[in-house]
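As structure tokens, the structure follows; a few thoughts come after it.
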Amino acid sequence: MAQAATATFAWEGTNKQGKPVKGETTAPNINAVKAELRKQGIVAKAGKIKKKKKAAGGKKITTSDIAIFSRQLATMMKAGVPLVQSFEIVGQGHSNPAMTRLIFKVKASVEAGGTLANAMREHPLYFDDLFTNLVDAGEQSGALEDLLEKIATYKEKSEALKTKIKKALTYPISVLVVALIVSVILLVFVVPTFADMFGSFGADLPAFTQWVVGLSDFMVEDGWMVGLIGFGIFTAFIQTKKRSRKFRENLDKLYLKLPIISGLSNAAAIARFARTLSTMFAAGVPLVEAMVSVAGAAGNSVFTKAILVVRDDIAQGTTLMSALSQRQDLFPNMLIQMVGIGEESGALDDMLAKVADYYEAAVDDAVDNLTTLMEPLIMSFLAVVIGGLVIAMYLPIFKMGEVVTQ
């Protein structure tokens, strides 16, 4: 049965003590708002319940928004605030209208009698299986606030990991893009000016200068074709990556083998594996069931397949340590030994959390090392490209100077 559409209503009234109060409530209609206010002991003033206009647009809902929402909801519930009222407070206090609308949609589903996990499952774009499974476990165990806090910690750690990886890639890419733009400007606008000046010399130009002038002529006349081909290649790459699973798998394999970024890719995948499994296991989710969510959160198809194989081994009665030991090409010995200690001591979630901390720190080091390594390489590239264009333009002038002095 389809749920009635809800809207946000602003209201003014008086509470049980006769003091004026005002606020906002999400409900299908004004009568539902009045009923909700009566439950709270608030008498609404006549004509003071008005439907608010929907906020236009709003920023895109990010993983950070979901993490903050989880943390705020956990804090409210730990303070003894009822779930529905917690949604109201968190929703009204959010700066992103899109996130506010999402919170009130989930609130409306809960008010209609659904569980929080099922209400969140209606929005899979923002609440993945891992999130909803943990919430479901929290509701069944009666420790929802604790699980929401674990989810918030998990989301915050995951977002921090993504940010570190983006940081490692953003700097070199941005510098290379700037170098490309500067090179195009030099070839299209600066080199032709020098070429006109060289035409009046009446002497042969150095071979390097002739090559650069020829490249400049090509860019002026057919540069649009180069840009179009480049845009086509970039678009084809993005679309192929989205649509072809095989292509994505090959890329993931490449990331794990490239000399410069393989260490970063492996450390990030192990950190995600350990953090996700630690969070799921601590929530009381059965190990076999948890491995499905862990595989989905791995961030690399090679690890995803390996984790699903590990899951099948565990389902047949193998210990997690033994299952991981069969894939030592992906899972490092430190992880395997810590898992073994955790299984023997009954503290698997704690051991996995320590592994996650270690590999998250390893990602930090890998990012710093990559940045340090890339800086001289980028500077050398800029010197060769930009410096080469400048030298090509001044070679004829130097040659003329030598002729004059002779």
Side-chain angles (χ1 to χ4, degrees), residues 128-130 133 154 157-158 160-162 164-165 168-169 245-283 285-370 373:
D128 55 20
D129 290 341
L130 170 63
N133 287 342
Y154 169 77
K157 295 278 188 181
S158 298
L161 194 62
K162 288 181 183 177
K164 291 167 189 173
I165 296 172
L169 300 176
R245 177 180 295 179
K246 187 68 176 177
F247 184 74
R248 290 195 300 271
E249 289 176 355
N250 289 331
L251 277 179
D252 287 339
K253 289 177 183 176
L254 184 63
Y255 294 151
L256 297 176
K257 293 179 180 178
L258 285 176
I260 297 178
I261 66 171
S262 60
L264 176 62
S265 299
N266 279 282
I270 296 298
R272 288 193 193 98
F273 168 83
R275 181 66 64 192
T276 308
L277 186 54
S278 171
T279 304
M280 295 288 285
F281 197 76
V285 179
L287 188 56
V288 174
E289 184 181 333
M291 294 301 283
V292 177
S293 296
V294 174
N300 186 291
S301 60
V302 177
F303 274 89
T304 298
K305 287 182 176 180
I307 293 168
L308 291 177
V309 171
V310 169
R311 170 189 174 274
D312 293 339
D313 291 342
I314 294 172
Q316 293 173 9
T318 306
T319 65
L320 178 58
M321 178 184 176
S322 298
L324 293 175
S325 298
Q326 297 176 26
R327 289 305 310 270
Q328 292 192 22
D329 56 322
L330 289 178
F331 300 106
N333 188 57
M334 176 194 172
L335 169 65
I336 296 170
Q337 295 302 320
M338 292 289 278
V339 165
I341 295 170
E343 287 182 312
E344 289 178 6
S345 63
L348 182 59
D349 53 332
D350 290 335
M351 291 298 106
L352 286 168
K354 292 181 187 299
V355 172
D357 290 338
Y358 174 83
Y359 279 97
E360 284 164 359
V363 170
D364 271 339
D365 294 338
V367 169
D368 292 339
N369 293 337
L370 184 60
L373 176 64

Considering non-hydrogen atoms only, spot the tightest contact between [X] and [Y] and give its length.
X	Y	value
T318	A323	CG2-N, 3.7 Å
A298	T304	CB-OG1, 3.8 Å
M321	G340	SD-CA, 3.4 Å
R311	V288	NE-O, 3.5 Å
A271	E360	CB-CG, 3.9 Å
G342	M351	CA-CG, 3.5 Å

> Is K157 close to D357 at the side-chain level, that is, under 4.5 Å between some pair of heavy atoms?
Replying inline: yes
> Stepwise, does the side-chain contact (heavy atoms from CB on, under 4.5 Å) test hold for F303 with N266?
Replying inline: CA-CA 9 Å; F303 274 89; N266 279 282; 4.0 Å; yes
Gap between atom [atom2] of [Y] and atom [atom1] of [X] - 0.5 Å precision:
X	Y	atom1	atom2	result
N300	K305	CG	NZ	10.5 Å
M291	I314	CE	CD1	4.5 Å
D252	E249	CG	CD	7.5 Å
M280	S293	CE	OG	3.5 Å
L335	L324	CG	CG	5.5 Å
R272	S158	CZ	OG	8.0 Å

> Given the side-chain rings of F331 and F273, with only the six-membered ring counted for Trp, is the space between their centroids under 6.0 Å?
Replying inline: yes
> Run the side-chain contact (heavy atoms from CB on, under 4.5 Å) check on I336 and S325 step by step: do they pass?
Replying inline: CA-CA 7 Å; I336 296 170; S325 298; 3.4 Å; yes
Side-chain donor-acceptor pair present, [X], [Y], cut-off under 3.5 Å:
X	Y	value
S278	D349	no
T319	S322	yes
T276	Y154	yes

> Does E343 use its side chain to pair, donor to acceptor, with the backbone of L320 at less than 3.5 Å?
Replying inline: yes
>> Quick one, L352 with L348, criterion side-chain contact (heavy atoms from CB on, under 4.5 Å). Give me CA distance, side-chain angles, the key distance, then yes/no.
In response: CA-CA 6 Å; L352 286 168; L348 182 59; 3.8 Å; yes
>> What verdict does the side-chain contact (heavy atoms from CB on, under 4.5 Å) test give for L277 and L287, after you've listed the backbone C-alpha separation in whole Å, the side-chain angles of each residue and the deciding distance to 0.1 Å?
In response: CA-CA 8 Å; L277 186 54; L287 188 56; 3.7 Å; yes
